[in-house]
Number of protein chains: 2
Amino acid sequence: MFDVFHEYIYGVSMSTPRQKPRSLTPEKLVAKAMELANESGFEALSMRKLAHALGVTAMSLYNHVANKDALLDLMLNEVVARYETPKFGGEWQDEMRRRAHSMHRALLANRWASTLLISRIAIGEAVLRDNDATVGCLVTAGFTYAQADWARNAIDNHIYGFTVQEVNYPVDPSTYQAAAAQYLPMIPQDTYPFMHQAAVQIAEGKYDGIVQFEFGLELILDGLNRWVGTA
Amino acid sequence: MFDVFHEYIYGVSMSTPRQKPRSLTPEKLVAKAMELANESGFEALSMRKLAHALGVTAMSLYNHVANKDALLDLMLNEVVARYETPKFGGEWQDEMRRRAHSMHRALLANRWASTLLISRIAIGEAVLRDNDATVGCLVTAGFTYAQADWARNAIDNHIYGFTVQEVNYPVDPSTYQAAAAQYLPMIPQDTYPFMHQAAVQIAEGKYDGIVQFEFGLELILDGLNRWVGTA
DNA sequence: ACCTGAACACCGTTCAAGT
DNA sequence: ACCTGAACACCGTTCAAGT
């Protein structure tokens, strides 16, 4: 009886699969949620606002996604899917460099992501694939499994640590010099002599105040190279 | 008129400073908030619950602290105040090591802190003092200001990155072997061959699966030592 | 199968009123 | 000076009811 009514209204039998694409899908939720987070900031992303942006009420989202946490996991998986996968057999340092820069780019393109990824153990398919390929590249290059694990930890701590600081820093790198000049009087020379002097150097243009992502990365890759050679 | 009434009730003139200690102070708020966060988890810390724990209503907290954000800054300042301050003139590597281990200890004792500290630019007095002493120690040891800045960034990325992962990891290190054996069937060998093999090694006890905090730290200190020497 | 309204159990914060 | 009750503007999520 209910089935007949449903069929009359929607033109589709309940027992046969849907023919036309459903209006809402998990993929559409994730895409719109990422759009919202990127354009309006992560704190503006609520289930209610996401639903509104999709022209629907909040409760209907729960037909496509278990809860907000599951939605966040799907969003993070989408970001991690953009990490470039290390190849086996070539120079492992080049592969790690390529992966690191692609991660940095993906995290800068989705500025809300790094802060979540560093603290959350999101085991989506993309994370597993990245883990496997990264360990695989290092092991193929001659690392033991323990060494590969430790190496990946050192590399990833730098990538995530650096990027989280970068996206949360309140002043734009291009205005460091002006900012240093402006805040100089607020850093008392007698209590904070070295920070004061650092600000002087930045204000005078002797140093741009910008820490390069590559610095820490090369420091670690170089150390790892030396470590494996002598293991 | 109001003043007289106040004096009658409280036995203290409004124009003279209070004699007996006030029942609630910012220090007491911060101490109880840290106790709550450490014992019940950070997500259980709300202004309403904190007030309840202090035997008071939520709104009265705003007499002692501007808002929740200001309270968090005060809590974080308390954690950073426990970082050991590098001394000038000695071996800079020893001073950095001592500082790093004290940070690691402070962050493990307050497991909610690292996730906040890494993303938030909390400029409390303790952060300024730590910054100044760390840069000061490196500059005194022969680093330029730019080098000291880059070095501190590399060191701190490791400390925070490592510890955030450590406190958020869902399984206890002492149970890695059992966990690896348990989850092994869920890591398909054909799609994730290297993760599978890593789990095999941990399950068989060939490798404990634990990444040491010291590994990345020494890797970086060693690299820095080489870098300054050749600068 | 999917969407909805009403409701529940929370949040942080403001403001006028109390003592 | 400090604390309070009531209220505002939000949250995530459940559940029974609608089509």
Side-chain angles (χ1 to χ4, degrees), chain A residues 1-29 32-33 36-37 40-75 116, chain B residues 1-29 32-33 36-37 40-75 116:
Chain A
M1 179 58 182
F2 182 79
D3 281 14
V4 173
F5 178 65
H6 180 273
E7 195 164 347
Y8 173 74
I9 295 283
Y10 295 107
V12 191
S13 159
M14 281 187 73
S15 46
T16 56
R18 278 264 202 169
Q19 302 293 19
K20 42 180 157 183
R22 291 177 299 168
S23 55
L24 235 52
T25 62
E27 291 73 28
K28 282 186 188 173
L29 289 209
K32 182 62 92 178
L36 263 174
S40 315
F42 180 71
E43 62 288 344
L45 179 67
S46 72
M47 295 299 269
R48 292 165 126 105
K49 282 179 190 159
L50 172 59
H52 183 77
L54 289 163
V56 106
T57 59
M59 315 79 204
S60 85
L61 299 181
Y62 290 86
N63 285 304
H64 304 93
V65 112
N67 49 34
K68 193 181 183 180
D69 239 53
L71 175 65
L72 292 179
D73 280 343
L74 290 173
M75 292 167 68
L116 290 181
Chain B
M1 182 57 185
F2 182 78
D3 281 15
V4 173
F5 178 65
H6 180 271
E7 195 164 348
Y8 172 74
I9 296 285
Y10 296 106
V12 192
S13 160
M14 281 186 73
S15 45
T16 56
R18 279 265 201 165
Q19 303 294 19
K20 41 180 158 182
R22 291 177 298 167
S23 56
L24 236 52
T25 61
E27 290 73 29
K28 283 187 188 172
L29 289 206
K32 184 59 94 177
L36 263 173
S40 316
F42 181 71
E43 62 289 342
L45 178 67
S46 72
M47 295 299 269
R48 291 165 126 106
K49 283 179 190 158
L50 172 59
H52 183 76
L54 289 163
V56 107
T57 59
M59 315 79 203
S60 85
L61 300 182
Y62 291 87
N63 285 304
H64 304 93
V65 112
N67 49 36
K68 193 180 184 181
D69 238 55
L71 175 65
L72 292 178
D73 279 343
L74 290 173
M75 292 167 68
L116 289 181

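Just so it is clear, the values below take in all heavy atoms, side chains as well, and ignore hydrogens, waters and symmetry mates. Every chain is numbered from 1, with letters handed out A, B, ... down the list of sequences.
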State which of [options] makes the closest approach to the side chain of [X].
X: M59(A); options: dC11(D), dT14(C), dC15(D); result: dC15(D)
X: L24(A); options: dC3(D), dT13(C), dC3(C); result: dC3(C)
X: S46(B); options: dT13(C), dC3(C), dG12(C); result: dG12(C)

Original post:
For DNA chain D, whose closest nucleotide is more 5', that of K68(A) or that of R48(B)?
Top reply: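 Whichever sits nearer the 5' end wins; that is R48(B).
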Subject >> Most 5' of T57(B) and Y62(A) on DNA chain D, judged by nearest nucleotide >> reply: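 Nearest-nucleotide comparison on DNA chain D picks T57(B).
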Could you tell me how far apart [X] ([atom1]) and [N] ([atom2]) are, to the nearest whole angstrom?
X: N67(B); N: dC15(C); atom1: CG; atom2: P; result: 14 Å
X: E43(A); N: dG12(C); atom1: CD; atom2: P; result: 17 Å
X: L54(A); N: dC2(C); atom1: CG; atom2: P; result: 15 Å
X: L61(B); N: dC11(C); atom1: CG; atom2: C1'; result: 14 Å
X: H52(B); N: dC3(D); atom1: NE2; atom2: P; result: 17 Å
X: L50(A); N: dG12(D); atom1: CG; atom2: C1'; result: 13 Å

**OP:** Remember a base hit wins even if backbone is also touched, and classify M47(A) as base, sugar-phosphate or nothing at under 4.0 Å, heavy atoms.
**Re:**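 Counting heavy atoms under 4.0 Å across all strands, the contact made by M47(A) is with sugar-phosphate only.
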Any side-chain N or O of [X] less than 4.0 Å from the OP1 or OP2 oxygen of [N]?
X: H64(B); N: dA1(D); value: no
X: S23(B); N: dA1(D); value: no
X: K49(A); N: dC11(D); value: yes
X: S60(A); N: dA1(C); value: no

**OP:** Could you walk me through whether L29(B) and L74(B) pass side-chain contact (heavy atoms from CB on, under 4.5 Å), step by step?
**Re:** CA-CA 10 Å; L29(B) 289 206; L74(B) 290 173; over 6 Å; no
Subject >> Atom pair NE2 (H64(B)) and CD (E27(B)), whose distance is rounded to the nearest 0.5 Å >> reply: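 That separation rounds to 10.0 Å.
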Original post:
Could you state the interatomic distance from CZ (R48(B)) to CG (L61(B)), rounded to the nearest 0.5 Å?
Top reply: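 If we round to the nearest 0.5 Å, R48(B):CZ and L61(B):CG are 11.0 Å apart.
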Subject >> Step-by-step side-chain contact (heavy atoms from CB on, under 4.5 Å) determination, M75(B) to L116(B) >> reply: CA-CA 10 Å; M75(B) 292 167 68; L116(B) 289 181; over 6 Å; no
**OP:** Using the closest heavy atom to pick a nucleotide of DNA chain C for each, name whichever of V56(A) or D69(B) lands nearer the 5' end.
**Re:**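 The residue mapped nearer the 5' terminus is V56(A).
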Subject >> Any strand: nucleotide that pairs with dA1(C) via Watson-Crick or wobble, under 3.5 Å >> reply: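 Base-paired to dT19(D).
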**OP:** Using Watson-Crick or G-U wobble geometry with both distances below 3.5 Å, tell me the partner of dA7(C), or none.
**Re:**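 Pairing partner, where one exists within any strand: dT13(D).
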Subject >> side-chain contact (heavy atoms from CB on, under 4.5 Å) between L71(A) and M47(A), intermediate numbers included >> reply: CA-CA 10 Å; L71(A) 175 65; M47(A) 295 299 269; 4.2 Å; yes
Subject >> Distance between C1' atoms of dA9(D) and dC10(C) (Å, rounded) >> reply: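 Their C1' atoms lie roughly 13 Å apart.
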